[in-house]
2 protein chains.
Amino acid sequence: MALPSTDTSRLDNTLAVIRTLRDQGPVARIDLGTLNGISSATVTSISAELLQQGLISERPPEAPRPTGRGRPKTLIELDPNAACVVCIKLSINEIQLVVGDFSGQVRHSEHHAVTTLALSADDLEALLEEKISAVCALQLKGFQRLAGICLAVQGVVSSQSGTIIWSPALSFRNAPISARLAERFHCSVLLENDANCIASVLAAQPDYADCPNLVVIMLGYGIGMSVLINGVPFLGANGSAAEFGHSKYQPDGALCACGRRGCIEAYASDYALYRAAADHLALPPGDSAHPSEQQMQALTQLALQGDSVAQEIYAEAGRALGVGIANVLALFNPDLVLITGSGVRGFDAMQAAMHSTLNEALVAELMGTTRIESCAWDRDMTCMGGIAMALNATDGETLLDSQAKSGSATCL
Amino acid sequence: MALPSTDTSRLDNTLAVIRTLRDQGPVARIDLGTLNGISSATVTSISAELLQQGLISERPPEAPRPTGRGRPKTLIELDPNAACVVCIKLSINEIQLVVGDFSGQVRHSEHHAVTTLALSADDLEALLEEKISAVCALQLKGFQRLAGICLAVQGVVSSQSGTIIWSPALSFRNAPISARLAERFHCSVLLENDANCIASVLAAQPDYADCPNLVVIMLGYGIGMSVLINGVPFLGANGSAAEFGHSKYQPDGALCACGRRGCIEAYASDYALYRAAADHLALPPGDSAHPSEQQMQALTQLALQGDSVAQEIYAEAGRALGVGIANVLALFNPDLVLITGSGVRGFDAMQAAMHSTLNEALVAELMGTTRIESCAWDRDMTCMGGIAMALNATDGETLLDSQAKSGSATCL
DNA sequence: ATATTTATTTTAGCACCTAAAGTAAATAAA
DNA sequence: TTTATTTACTTTAGGTGCTAAAATAAATAT
């Protein structure tokens with residue numbers, strides 16, 4: 001009689017099982033029960049369904065069995081080919097496409113140089129369609145479905161409405177990109193800020209498991225930030241929260257790329273550091289408005305080797321960061337502030353000034369127990385985060401889809 | 001067989017019914033169903049239980065019946081005497097005690113002048129015990145139980161651990177007050193920041209129903225703030241989030257009560273305004289470090305009547321607020337910033353400078369659709385918020401308690 | 001009086017979950 | 001080589017809680 005189920009526990013438990021398998025790899029039924037606080041009888045029932053739907057498979061028992069006594073565990077794992085997701089990272093003059101499988105593994109990655117600032121909204125859409133189609137045609141053999149697409153873009157995006165509100169990589173604004181891609185590829189399209197993707201990956205690392213309130217500051221050409229509250233990215237009303245780079249250091253200070261004055265970014269970003277240095281120091285040639293990695297490394301070297309002009313430039317950047325972080329601590333009181341991004345290359349030259357400014361700015365009660373740490377920028381984890389977020393967002397649909405295909409053939 | 005129920009839907013639905021009755025007053029079963037998305041059959045079942053437990057009663061049908069056709073609605077209402085809560089507001093040199101009943105109505109309120117800064121932690125605990133005991137003895141006749149106590153204090157508190165970390169009203173720190181009161185009165189004790197109590201009341205008003213992300217700034221002797229994210233107060237890792245008053249305006253600016261320099265509070269709080277004015281203007285006599293309402297009104301009058309020194313003092317305060325709010329918008333991107341507190345008396349004299357500073361500081365994309373409004377400070381709503389929060393926090397316990405008493409006499 | 005309308009309660013049935021009992025599959029011991 | 005023990009998984013039996021539909025209650029309109 002009661003058809004529309006109001007009780008979501010079965011769905012919740014099934015999703016929990018899928019996520020545990022994604023995070024931990026192959027797991028036995030009994031452990032899935034313990035890990036998720038459900039009985040093994042329920043796990044049996046859930047895994048039977050998932051098995052029938054083709055979303056998981058039983059791993060054949062291995063030759064070497066280091067298990068002790070008793071019936072050995074039968075490990076269950078996600079079928080990597082049950083679905084896949086694509087993440088596209090959109091940054092200035094470059095787009096990156098990554099394909100991830102249902103188990104969360106990266107299957108393919110490619111980069112394209114594109115003069116993004118020259119694109120119109122239609123151009124961008126056409127370009128994304130083309131690149132996604134191409135990658136699907138080449139890479140998707142064997143996948144049961146394209147579950148979703150994640151667009152990771154620098155700038156202000158509204159995830160809720162799927163609209164790019166403003167991005168430094170684009171010359172147009174307010175582009176409702178998600179809906180159009182969703183229509184084209186018949187899958188859900190997630191629009192995310194790039195910093196939130198990276199922060200999600202970092203937060204999933206065991207080192208930061210005890211920091212549910214995590215702030216990640218990304219230094220680079222510009223300055224971005226992500227605030228995780230209880231592990232989930234804080235977006236604000238329109239998605240423009242956590243714009244640390246445009247919070248203020250000096251009310252009437254240096255000119256920022258945003259057009260206003262005194263933003264933290266106008267002191268501590270690559271372009272700001274290089275701008276302050278260009279007149280006084282001999283640095284490698286190149287576009288001084290968009291300094292190259294080589295140019296920035298040269299500048300950092302000068303500061304670290306004791307050049308007083310370079311040192312003062314980094315010290316001023318450190319003071320700006322110190323004031324900005326003081327405000328972040330006063331307003332968010334996080335467990336940890338993690339400073340990363342390509343700009344951490346110069347962090348050693350900023351650190352002392354940053355900490356002394358911070359300590360001068362805030363009484364101990366407001367510093368609380370917040371740790372301030374930096375994190376080396378080994379590789380760009382944006383797309384890893386995007387893949388993980390896209391999978392998480394689409395598990396429910398994948399489940400429904402496979403139920404429709406296998407289970408209730410009664411519908412036909 | 002399955003005794004420990006893992007399904008919380010019955011509890012959730014029961015709490016939803018109780019809260020609807022508290023918010024809306026008497027409601028019929030069928031409307032409780034619609035309002036909470038549950039079937040009227042379930043409401044019948046839940047209300048039968050609550051009726052038996054004595055937490056609600058059926059309101060006798062009224063003489064004038066303006067209803068139309070059909071069987072008339074039987075209205076259900078909370079039994080006000082089913083439980084009560086006490087809220088204590090602790091501020092500098094004053095404590096206020098308010099008693100609220102189970103339906104959320106204020107039953108009693110009293111103020112006491114206390115030199116709070118002279119108290120030790122033990123003194124405070126003894127004082128609170130004495131006052132709460134007294135108020136219970138006098139006011140609690142007829143109440144079935146004291147469900148909870150809410151302590152609303154200015155400053156940094158850790159709700160989680162029940163510890164007052166720092167308060168301008170107290171000369172000691174890190175006082176674990178909740179546990180001791182809970183033990184003494186055998187009820188749960190909620191420790192809250194006063195601004196969060198006020199913001200919760202404001203957020204419940206229909207005018208602000210469309211603002212789940214609400215920032216409330218409280219101007220007064222000091223400057224406080226509360227940030228509601230999806231309607232719930234944001235606390236941060238240790239409860240010291242939202243310390244807007246100590247975010248920065250000028251890195252090396254005016255001296256703040258916290259001991260550091262350049263805080264917003266050092267420009268826009270009552271003490272800061274009065275300090276800036278005291279040397280130049282003739283104002284009513286009194287303690288210039290703790291200006292009275294009369295002194296502040298005199299200063300405000302001067303500014304509004306065109307005195308250029310007073311005007312510049314308020315303009316500078318407005319600029320400080322403007323920069324502070326710019327940072328709040330960049331970092332929180334709320335739906336609405338509401339400025340209130342006794343200090344709004346001078347808001348008209350600050351407003352122009354505040355808005356122009358804000359507009360200069362932030363590009364349109366980051367201003368987003370956030371509204372900035374002020375709200376008259378008619379009366380102190382701290383304790384109303386505390387009562388509401390305490391009731392909400394203790395409904396589950398009240399339910400369990402009454403179940404133990406009435407329903408399952410089988411336990412005996 | 002009877003029909004109609006609306007509110008509430010009762011009934012019947014479904015979708016979950018869990019504990020306990022049963023079964024399976026291994027190792028250790030006799 | 002049986003037999004006992006241990007551990008994992010599955011089946012069974014029973015409970016909670018919800019909903020739709022039917023039944024009942026209590027009004028007004030005809």
Side-chain angles (χ1 to χ4, degrees), chain A residues 1-17 26-52 56-76 399 403 407-408 410, chain B residues 1-17 26-52 56-76 399 403 407-408 410:
Chain A
M1 265 178 195
L3 277 187
S5 166
T6 179
D7 183 2
T8 59
S9 60
R10 184 52 169 243
L11 180 60
D12 293 344
N13 288 337
T14 307
L15 292 177
V17 164
V27 178
R29 287 172 176 81
I30 191 166
D31 297 323
L32 285 169
T34 323
L35 253 31
N36 293 296
I38 51 183
S39 71
S40 65
T42 302
V43 177
T44 293
S45 158
I46 288 173
S47 56
E49 269 179 35
L50 291 175
L51 224 34
Q52 200 222 332
I56 62 172
S57 57
E58 288 189 345
R59 162 165 290 211
E62 280 148 29
R65 40 186 65 274
T67 49
R69 271 200 193 204
R71 177 174 174 173
K73 296 181 177 187
T74 316
L75 301 184
I76 290 172
L399 207 51
Q403 274 165 8
S408 42
T410 49
Chain B
M1 266 179 194
L3 277 187
S5 167
T6 179
D7 182 4
T8 59
S9 61
R10 185 52 171 245
L11 179 61
D12 292 345
N13 288 336
T14 307
L15 291 177
V17 164
V27 178
R29 287 174 176 79
I30 191 168
D31 298 321
L32 284 169
T34 325
L35 252 32
N36 293 297
I38 52 183
S39 72
S40 64
T42 302
V43 178
T44 293
S45 157
I46 287 172
S47 57
E49 268 179 35
L50 291 175
L51 223 36
Q52 200 223 330
I56 62 171
S57 56
E58 286 189 346
R59 164 166 287 212
E62 279 149 30
R65 38 187 66 275
T67 50
R69 271 202 195 202
R71 178 174 173 171
K73 297 180 175 185
T74 315
L75 301 184
I76 289 171
L399 208 52
Q403 274 166 8
S408 42
T410 49

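Only a predicted model underlies this, so the values are computations on that prediction, with no experimental measurement involved.
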Handout entry: Interatomic distance, A:E58 CD vs D:dA8 P [rounded to whole Å]
Key = 15 Å
Handout entry: Atom-to-atom span, CG of A:L75 to P of C:dA26 - whole angstrom
Key = 14 Å
Exercise for the section: Report which part of the nucleic acid B:S9 touches: base, sugar-phosphate, or nothing (heavy-atom distance under 4.0 Å, all strands). Expected result: sugar-phosphate
Exercise for the section: Mark yes or no for whether A:S45, through its side chain, and A:A41, through its backbone, hold a donor-acceptor pair below 3.5 Å. Expected result: no
Practice task
Would you give the length of the straight line joining atom CD1 of A:I46 to atom CD1 of A:I38, rounded to the nearest 0.5 angstrom?
Solution key: 4.5 Å
Problem - Distance, rounded to the nearest Å, where B:I76 contributes CD1 and C:dT8 contributes P - result: 7 Å
Problem - Euclidean distance, atom CZ of residue B:R10 to atom P of C:dC16 [Å, nearest integer] - result: 19 Å
Practice task
Can you tell me the pairing partner of D:dT2 across any strand shown, Watson-Crick or G-U wobble, with both distances under 3.5 angstrom?
Solution key: C:dA29
Exercise for the section: Assign B:A28 to base, sugar-phosphate, or nothing according to its heavy-atom contacts below 4.0 angstrom with the strands shown. Expected result: sugar-phosphate
Problem - Side chain to side chain, B:L15 and B:L11, heavy atoms closer than 4.5 Å - result: yes
Handout entry: Pairing residues for A:R59 by the side-chain contact (heavy atoms from CB on, under 4.5 Å) criterion, not counting sequence neighbours
Key = A:P26, A:E62, A:L75, A:E77
Practice task
Starting at CD of A:E49, measure out to CD1 of A:I56 and round the result to the nearest 0.5 Å.
Solution key: 10.0 Å
Exercise for the section: Report yes or no: does B:S39 contribute a side-chain atom to a donor-acceptor pair with the main-chain N or O of B:T42 at less than 3.5 Å? Expected result: yes
Exercise for the section: Take atom CD1 of B:I56 and atom P of C:dT8, then tell me their distance rounded to the nearest Å. Expected result: 12 Å
Exercise for the section: Apply side chain to side chain contact (heavy atoms under 4.5 Å, CB included) to A:D31 and A:V43, showing your working. Expected result: CA-CA 9 Å; A:D31 297 323; A:V43 177; over 6 Å; no
Practice task
Examine distances only and state if a side-chain atom of A:D7 and a backbone atom of A:S9 form a donor-acceptor pair shorter than 3.5 Å.
Solution key: yes
Problem - Spacing of CZ belonging to B:R71 relative to CD1 belonging to B:I30, to within rounding of 0.5 Å - result: 10.5 Å
Between the protein and nucleotides 1-4 of chain C, which nitrogen or oxygen pairs are less than 3.5 angstrom apart?
| from | atom 1 | to | atom 2 | distance (Å) |
| --- | --- | --- | --- | --- |
| C:dT4 | O2 | B:R69 | NH1 | 3.2 |

Handout entry: Selection: residues 29-43 of chain A, any non-hydrogen atom under 4.0 Å of DNA chain D
Key = A:R29, A:I30, A:S40, A:A41
Practice task
May I ask you to verify if any side-chain N or O of A:N13 is less than 4.0 angstrom from the OP1 or OP2 atom of C:dC17?
Solution key: yes
Practice task
Measure from CZ on B:R71 to P on D:dT24 and round the result to the nearest Å.
Solution key: 13 Å
Exercise for the section: Would you mind classifying the nucleic acid contact of B:T74 as base, sugar-phosphate or nothing, using non-hydrogen atoms under 4.0 angstrom? Expected result: sugar-phosphate
